[in-house]
Amino acid sequence: MPEFDYTASAQRTISLERDAVDSLLTRLGDNFNTACATLLDCPGRIVVTGMGKSGHIGRKIAATLASTGSPAFFVHPGEASHGDMGMITRQDVVIALSNSGNTGEIVTLLPLIKRLGIPLVSITGNPDSTLAKAAVANLDTGVEQEACPLNLAPTSSTTTALVMGDALAIALLEARGFSVEDFAFSHPGGSLGRRLLLLVDDIMHSGPQMPLVSPETSLRDALLEMTRKGLGLTGVADSQGKLAGIFTDGDLRRTLDQGLDIREATIEQVMTPRSKTARQGMLAAEVLKIMEDAKISGLFVVDDQGVPVGALNMHDLLRAGVV
């Protein structure tokens, strides 16, 4: 038996599905615009439903809508007939997916949807189907051929439905002016959420954990303060409590190169004045950019009067998942 050519099979599948997706470009028009306007004007939530493979695609579309600023959830059409219809309110809009457009479990729901006066957007492969005709807008995702060589397993048709759902979600995202910050609020557990929601106040060392000395402190005692606090730096506060300068491990190496006596020198002699600082309430991601641009590994956080309220280093940002 000759060895099967897996690569050729994959290339055929990809080509067929690519062509099916390309064909959608010519079908975007009034129906797509009406669907978007209907969804955008929805005062409630977008309810997505579908059976079988269309249901799997519908779940993904609902998740994409919800994470991009359009409140949405999935309802299984079979369960809807046995109580879950109560999850749908008169304020909602329904998106129904069915390649044939005549799926029994969904068609059964049409009278209930109509009775509630809920707008219906359909995504079907048959614009002349029962579902398509009942919708305020039908999005035609029909394909000439499934990627399945038997032309039976939903492949190209589920791909086009998925792409059409993404097109809806992104069009609504742009129409709403959905921002990166909005996206972060929908994904607080991800790395983007941490970068865009975490404040410097949440990770800085403050109070007794903050290394701080006065200008007349000896260099030796300042080094002891750095060692106790373990941040690789110490701040220097003037008589008014404002940050006058900073002294880091790097400054120590430069001081030793100068041959100064660490027992006699004061921290004021060797500190770096006018150092880079962060402000209270800054995003941790903003502080990271300050540190990267200045090529420094630590800094102090000050309030509006320039009084130090906290300190942090690159390790703190790493532990917080900001880097």
Side-chain angles (χ1 to χ4, degrees), residues 180-181 184 187-323:
V180 174
E181 288 76 14
H187 302 75
S191 58
L192 178 61
R194 287 192 295 274
R195 288 178 63 88
L196 293 178
L197 299 178
L198 192 67
L199 300 179
V200 66
D201 308 54
D202 300 322
I203 58 175
M204 69 184 186
H205 301 265
S206 57
Q209 296 178 326
M210 179 174 55
L212 204 61
V213 298
S214 59
E216 62 274 10
T217 302
S218 69
L219 178 52
R220 176 181 177 279
D221 288 343
L223 293 176
L224 291 174
E225 174 73 354
M226 290 172 62
T227 302
R228 282 193 296 268
K229 303 302 170 62
L231 295 181
L233 54 77
T234 184
V236 183
D238 62 20
S239 59
Q240 296 179 319
K242 297 181 179 180
L243 188 69
I246 189 174
F247 187 79
T248 68
D249 288 336
D251 292 322
L252 174 60
R253 287 191 292 272
R254 287 185 287 272
T255 298
L256 293 175
D257 287 341
Q258 295 171 8
L260 287 177
D261 187 344
I262 64 171
R263 293 169 297 183
E264 299 295 333
T266 64
I267 196 67
E268 188 174 26
Q269 293 176 266
V270 294
M271 70 180 187
T272 300
R274 297 179 297 280
S275 58
K276 292 288 183 181
T277 59
R279 293 284 182 179
Q280 273 184 297
M282 265 190 174
L283 291 171
E286 293 180 281
V287 178
L288 173 62
K289 186 176 188 312
I290 292 173
M291 293 169 66
E292 288 179 333
D293 290 347
K295 295 181 172 58
I296 56 178
S297 59
L299 51 65
F300 273 78
V301 181
V302 298
D303 63 15
D304 293 337
Q305 283 71 47
V307 175
V309 293
L312 74 160
N313 59 23
M314 193 64 75
H315 295 295
D316 297 314
L317 294 169
L318 282 166
R319 279 192 293 269
V322 180
V323 179

Exercise for the section: Take E268 and V236, measure what side chain to side chain contact (heavy atoms under 4.5 Å, CB included) needs, and give me the verdict at the end. Expected result: CA-CA 8 Å; E268 188 174 26; V236 183; 5.8 Å; no
Practice task
Evaluate side chain to side chain contact (heavy atoms under 4.5 Å, CB included) for M204 paired with V287, printing each intermediate quantity in order.
Solution key: CA-CA 11 Å; M204 69 184 186; V287 178; over 6 Å; no
Handout entry: Side-chain heavy-atom pair V270, D251 within 4.5 angstrom cut-off
Key = no
Exercise for the section: I would like to know whether T272 and I246 meet side chain to side chain contact (heavy atoms under 4.5 Å, CB included); could you show each step before the answer? Expected result: CA-CA 5 Å; T272 300; I246 189 174; 4.1 Å; yes
Practice task
Grab the two heavy atoms, one from T248 and one from R254, that are nearest each other, plus how far apart they are.
Solution key: OG1-NH2, 4.4 Å
Problem - Note, S275 side chain near L243 side chain (heavy atom, < 4.5 Å) - result: yes
Completion exercise
Heavy atoms of K276 and A294 approach each other most closely as CG-CB, 4.0 Å
Handout entry: Step-by-step side chain to side chain contact (heavy atoms under 4.5 Å, CB included) determination, L199 to L283
Key = CA-CA 4 Å; L199 300 179; L283 291 171; 3.8 Å; yes
Completion exercise
By side chain to side chain donor-acceptor pair (under 3.5 Å), Q280 pairs with (sequence neighbours left out) none
Exercise for the section: Tell me, yes or no, whether the heavy-atom count around K229 atom NZ, taken from other residues, nucleotides or ligands under 6.0 Å, exceeds 12. Expected result: yes
Handout entry: Nearest heavy-atom neighbours spanning M226 and F247
Key = SD-CD2, 3.6 Å
Just distance, no hydrogens or angles: give the donor-acceptor pairs under 3.5 Å from side chains in residues 207-221, sequence neighbours left out.
residue	atom	partner	partner atom	Å
S214	OG	E216	OE2	3.2
S214	OG	T217	OG1	3.0
T217	OG1	S214	N	3.2
T217	OG1	S214	O	2.9
S218	OG	D221	N	3.1
S218	OG	D221	OD2	3.3

Practice task
Can you see which heavy atom on A284 is nearest to which on I203, and at what distance?
Solution key: CB-CD1, 4.1 Å
Handout entry: Donor-acceptor pair, side chain of N313 and main chain of D316, under 3.5 angstrom
Key = yes
Fill in the blank from the handout: Smallest heavy-atom separation, L233 atom then A311 atom, equals CD1-CB, 4.3 Å
Exercise for the section: Could you tell me whether R228 and E225 have a side-chain N and a carboxylate O separated by less than 4.0 Å? Expected result: yes
Handout entry: Euclidean distance, M314 CE relative to I296 CD1, rounded to 0.5 Å
Key = 8.0 Å
Practice task
Spell out, as yes or no, whether a donor-acceptor pair under 3.5 Å connects the side chain of R279 to the backbone of V301.
Solution key: no
Exercise for the section: Determine the minimum heavy-atom distance between G281 and D201, stating which atoms define it. Expected result: N-OD1, 2.8 Å
